[in-house]
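Residue numbers start at 1 and run along the sequence shown. Every number for a ligand or one of its atoms is a count from 1 in the order of the listing.
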Amino acid sequence: MIPDSGSYGLIEGGALAIKDGMISYCGTADSLPSDFADWTVTDLGGGLVTPALIDCHTHVVFGGDRAREFEMRLEGASYEEIARAGGGINSTVQATRKASEEDLLKSALLRVDTLIGEGVSTLEIKSGYGLEIESELKILRVARRIAADRDITVRTSFLGAHAIPASYKGEAGKYLDEVCLPALEAAHAEGLVDAVDGFCEGIAFSPDEIAKVFDKAKALGLSVKLHAEQLSNLGGAALAASYKALSADHLEHLDEAGVMAMAKAGTVAVLLPGAFYTLRETQMPPIEFMRKHGVAIALATDCNPGTSPLTSLLLTLNMAATLFRLTPHEALAGATRNAAKALGLADRGMLAEGLRADLNVWAVNHPAELVYRIGFNPLSQRYFGGIPCTQ
Ligand code: DI6
Ligand code: FE
């Protein structure tokens, strides 16, 4: 079943009223109530107005880059050979540990500004390239500073269970006890954590190990989410659903039982076509089962130096349509209202009275253009909390 492309809820000749950063009217200009008659009017020139975009899964704060690794892969080296030669995720961990907070902020802002330039106003940022207590805290402090420096909302996820650092090779349990869980406690005490994430995979942490991290998250009153079923099916999404996770992400190897568990828990499926593309995966996420069981689908860049060096959410939408066959309507919902749901944010993601006035004005004739065009940025104005932005 392919859902029809829908009307996108389009309103021709629309008007929005904004007060105190919130939408107080959304409808046609003709039926605007007379109470708004003497309000200051801004003419948006006939542009298309949408909710601001939300990138609900990123790792934008990291040191160094992995361009040489990309070259090596094209020269024939495998991901594993590169990792054994000191590359891969551990090379990013080394570079991130060495970088100062200022350096990390500076390099992350270049990526964040590119996302903002396409109308992203809410951004999730994960830790997970520190893998030692102080370095995990450093990444999350940078994430908070990004929110202070730019007109955007940042939601942080603690991802101490991202990889087993070289110094704990073969000792995942010890790493969790000595580093990951104490780092989570320390980060939470400093107000740096909005949610807790993990990487459940053969090359990372088992479902039992992830459960340990989630138990700690729940004890601290934090929501959870999970990188699950990216390279194999370990039942991670069902585990996440059993903790009422906000989202399970990647999901290429998810089966129908996992989809049903997510549907029952209201867990959002976050699809990451940038990683699928970069790794040249062939196993598609089970979109038909998600549609059939009513699992909300969100989309995100997964911006990270290894598997998704992607800083365009618009290109992500195009990839989701071309690679995963999502409709443009589903793709746009995936970067707005379903992305808001994936972050547990009920105050944004749609144009509706009572929600935040985070808006984008686009120079396009039809919403599908935002998904269909490649390498084209038609953003003409961004509003954050009702205020026009210069960034
Ligand atoms: N899944 C991924 O694909 C990335 N992290 C994750 O949990 C890999 C990150 C990297 O290679 O640096
Ligand atoms: Fe990721």
### Metal check, the Fe ion (ligand 2) vs D249 N/O/S, cut-off below 2.8 Å
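Given the 2.8 Å cut-off, D249 does not count as a ligand of the Fe ion (ligand 2).
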
### Message
When you measure from the Fe ion (ligand 2) to the N, O or S atoms of H227, does any of those distances fall below 2.8 Å?
### Response
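Looking at H227, which is the residue asked about, there is an N, O or S atom under 2.8 Å from the Fe ion (ligand 2).
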
Would you say [Y] and [X] are linked by a side-chain donor-acceptor pair, where the criterion is simply a distance under 3.5 Å?
| X | Y | result |
| --- | --- | --- |
| D249 | H227 | no |
| T316 | Y277 | no |
| T153 | R356 | no |

### Message
Can you confirm whether L131 sits close enough to R97 that some side-chain heavy atom of one is under 4.5 Å from a side-chain heavy atom of the other?
### Response
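Result yes, sub-4.5 Å side-chain heavy-atom pair found.
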
### Message
Would R150 pass as a cation-pi partner of F384, given that its NZ or CZ must be under 6.0 Å from the six-membered ring centre and within 45 degrees of the axis?
### Response
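No, R150 and F384 do not form such a contact.
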
### Lys/Arg N to Asp/Glu carboxylate O, R144 vs D194, below 4.0 Å
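Yes, R144 and D194 are salt-bridged.
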
#### Entry: Ring-ring centroid check H366 Y8, cutoff 6.0 Å
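Close enough - the centres of the two rings lie under 6.0 Å apart.
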
### Query
Under a 4.0 Å heavy-atom cut-off, which residues neighbour ligand 1?
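Lining ligand 1 at under 4.0 Å, by heavy atoms, one finds R66, Y79, I89, Y129, H162, F199, H227, Q230, H250, N304, G306, T307.
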
### Considering only N, O or S atoms of H59, the one closest to the Fe ion (ligand 2)
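It is NE2 of H59.
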
### Message
Which atom name does D302 have for its N/O/S atom nearest to the Fe ion (ligand 2)?
### Response
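Atom name returned: OD1.
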
### Task
Could you check whether the rings of H59 and H57 sit parallel, tilted or perpendicular, using 30° and 60° as the cut-offs?
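Correct class here is tilted.
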
